[in-house]
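Not measured: the values here are computed from a predicted model. Counting starts at 1 for both ligands and their atoms, in listed order.
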Amino acid sequence: MTITFDQNSASSAPQPVRSPGHGDAFTDHMFTMSWNETDGWHKPGLSRLHDLTLHPGTIGLHYAQVIFEGLKAHRQADGGVAVFRPWEHARRFQRSARRLAMPELPEDVFVDSIEQLLRADQGLLSDDPSHSIYLRPLMFGADANLMLRPSHTYEYLVMAFVAGGFFGKALETVSVWVSHEHSRAIPGGTGNVKCAGNYSGSFVAQLQAQEAGCQQVVWLDPVERTWVEEMGGMNMFFVRGTGPGAEIVTPSLSGSLLPGVTRDTLLGLAEGMGYVPREEKVSLEQWRRECAEGRITEVFASGTAAVVTPVGHVKDRDGDWTIGDGTPGPVTLAMRDALVDLHHGTAPDPKGWLHRIS
Ligand SMILES: *Cc1c(COP(=O)(O)O)cnc(C)c1O
């Protein structure tokens, strides 16, 4: 496909963003494309970031036929830019589309759209290694029709913002609050894909966590309310033991938790670092007991946005506890460093997870 830049973008020389905000340092451009039954995917184009004009009856707004992805590009040691595991995100976007009865976007079209946006906006990424470009592909049902059925037309777009990071600052642990009242996702539901409706339903528990003085909510399985599933919009890891041979345990894919690309990456890295990666069910009681016994020494959460976030304290209706001494543990920090080095091309990349932008 051929893309023509609009005149504005051709003439501007973007300056790197020096102090990114919190998700609102949007880059200058966006990629858009449409789908209908006769033409399939058509009208791809890069344009200046602009407002959308939507009919108030747009299906996506009413029935949440909306999916998205989140992936990051990082400045490389040699000054270039590379996006991390875009093909994996493309495949997850396809799974999300299938689940919501939406047309699938071919993987190469997804990756091409990311490349085009990055080529236009990579100049906004400074060489501060704590900065990244967070890319947000989005697809929504675009029919103006309130019949309760899947849309016949769709809009796809990719937008991005410059994200800051935590380097230079000491990494701090977060405290978490366990929700016994709400569920994020249910078996047979949509919790294993990235669709918009999953998140609005979780806000009320997130607010309850904040009222309890915690930064994040921990989700239990929705049926037995026994097994730990996720933390906010992140996957969880429990470290058993310490040093080489420590077990890195993450809840197995239950159908209601989201298979994170970072989760998968960390499982792979753990093995190479001499740890023992495991996917198994972990109950809340086991978490509490094994911390008391000193078996679980560290806990952290993972995701594209938050990278690796250490957990220090748990607040629960049946009593609170501290993990280790409440500070980030050595295995957590080692996993985080290994991931960050991989992102920046300063560690070997045997699986070819870095996708360079020319
Ligand atoms: C996106 C997301 C994650 C993390 O996935 P990554 O691919 O690692 O960014 C975990 N849980 C939920 C609910 C998510 O939406």
Side-chain angles (χ1 to χ4, degrees), residues 23 64 66-74 83-97 99-100 107 110-111 114 132-139 160-161 163 165 174 176 179 182-187 189-206 209 215-222 227-238 248 250-270 277 279 282 299-309 311 335-336 338-340 342-343 351 353-355:
V66 183
I67 59 171
F68 64 91
E69 264 304 322
L71 63 169
K72 273 183 178 170
H74 303 90
V83 58
F84 193 64
R85 302 192 70 178
W87 298 97
E88 205 56 44
H89 288 276
R91 285 188 283 274
R92 189 168 67 190
F93 199 59
Q94 291 183 328
R95 289 199 298 275
S96 300
R99 180 61 184 85
L100 263 62
E107 290 160 49
F110 178 97
V111 173
I114 300 285
S132 57
I133 292 184
Y134 179 95
L135 296 135
R136 170 51 62 84
L138 176 83
M139 193 204 303
F161 62 84
V174 296
V176 297
S179 179
H182 297 290
S183 298
R184 192 192 76 88
I186 53 163
T190 55
N192 57 352
V193 299
K194 255 177 143 64
C195 66
N198 288 347
Y199 302 88
S200 49
S202 74
F203 290 159
V204 68
Q206 178 65 36
Q215 286 109 319
Q216 290 289 342
V217 56
V218 166
W219 300 106
L220 298 178
D221 83 278
W227 309 102
V228 179
E229 296 230 302
E230 297 201 60
M231 173 182 124
M234 287 165 266
N235 295 117
M236 293 203 72
F237 284 86
F238 302 84
I248 312 280
T250 193
S252 32
L253 299 178
S254 61
S256 48
L257 69 83
L258 196 283
V261 175
T262 319
R263 174 186 180 278
D264 183 74
T265 304
L266 291 173
L267 286 173
L269 283 176
E279 298 178 68
V282 179
V299 175
F300 60 89
S302 77
T304 297
V307 191
V308 166
T309 299
V311 180
M335 296 285 333
R336 186 187 162 90
L339 181 60
V340 165
L342 187 56
H343 286 159
K351 302 218 170 99
W353 282 341
L354 286 173
H355 185 83

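- Side-chain contact between R184 and L258 is present, with heavy atoms from C-beta onward closer than 4.5 Å.
- Across all non-hydrogen atoms, the minimal contact from A305 to K72 is O-NZ, 3.1 Å.
- Considering D264, T262, T304 in turn, D264 is the only one that fulfils the side-chain hydrogen bond (donor to acceptor under 3.5 Å, both in side chains) rule with R85.
- Legend: residues meeting salt bridge (charged side-chain N to carboxylate O under 4.0 Å, His left out) with E229, ordered by chain and number and at least two apart, are absent.
- A perpendicular orientation is assigned to the rings of F84 and H343, their planes being inclined by more than 60° (bins at 30° and 60°).
- For the pair V261/L71, no side-chain contact is recorded, criterion being any heavy-atom separation below 4.5 Å from C-beta on.
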Give me the pairs of N or O atoms, one from ligand 1 and one from the protein, that sit under 3.5 Å apart.
from	atom 1	to	atom 2	distance (Å)
ligand 1	7 (O)	R92	NH1	2.8
ligand 1	7 (O)	R92	NH2	3.0
ligand 1	7 (O)	V261	N	2.7
ligand 1	8 (O)	V261	N	3.3
ligand 1	8 (O)	T262	N	2.9
ligand 1	8 (O)	T262	OG1	2.6
ligand 1	9 (O)	T304	N	2.9
ligand 1	9 (O)	T304	OG1	2.7
ligand 1	11 (N)	E230	OE1	2.5
ligand 1	11 (N)	G233	O	3.3
ligand 1	15 (O)	K194	NZ	2.7
ligand 1	15 (O)	Y199	OH	2.3

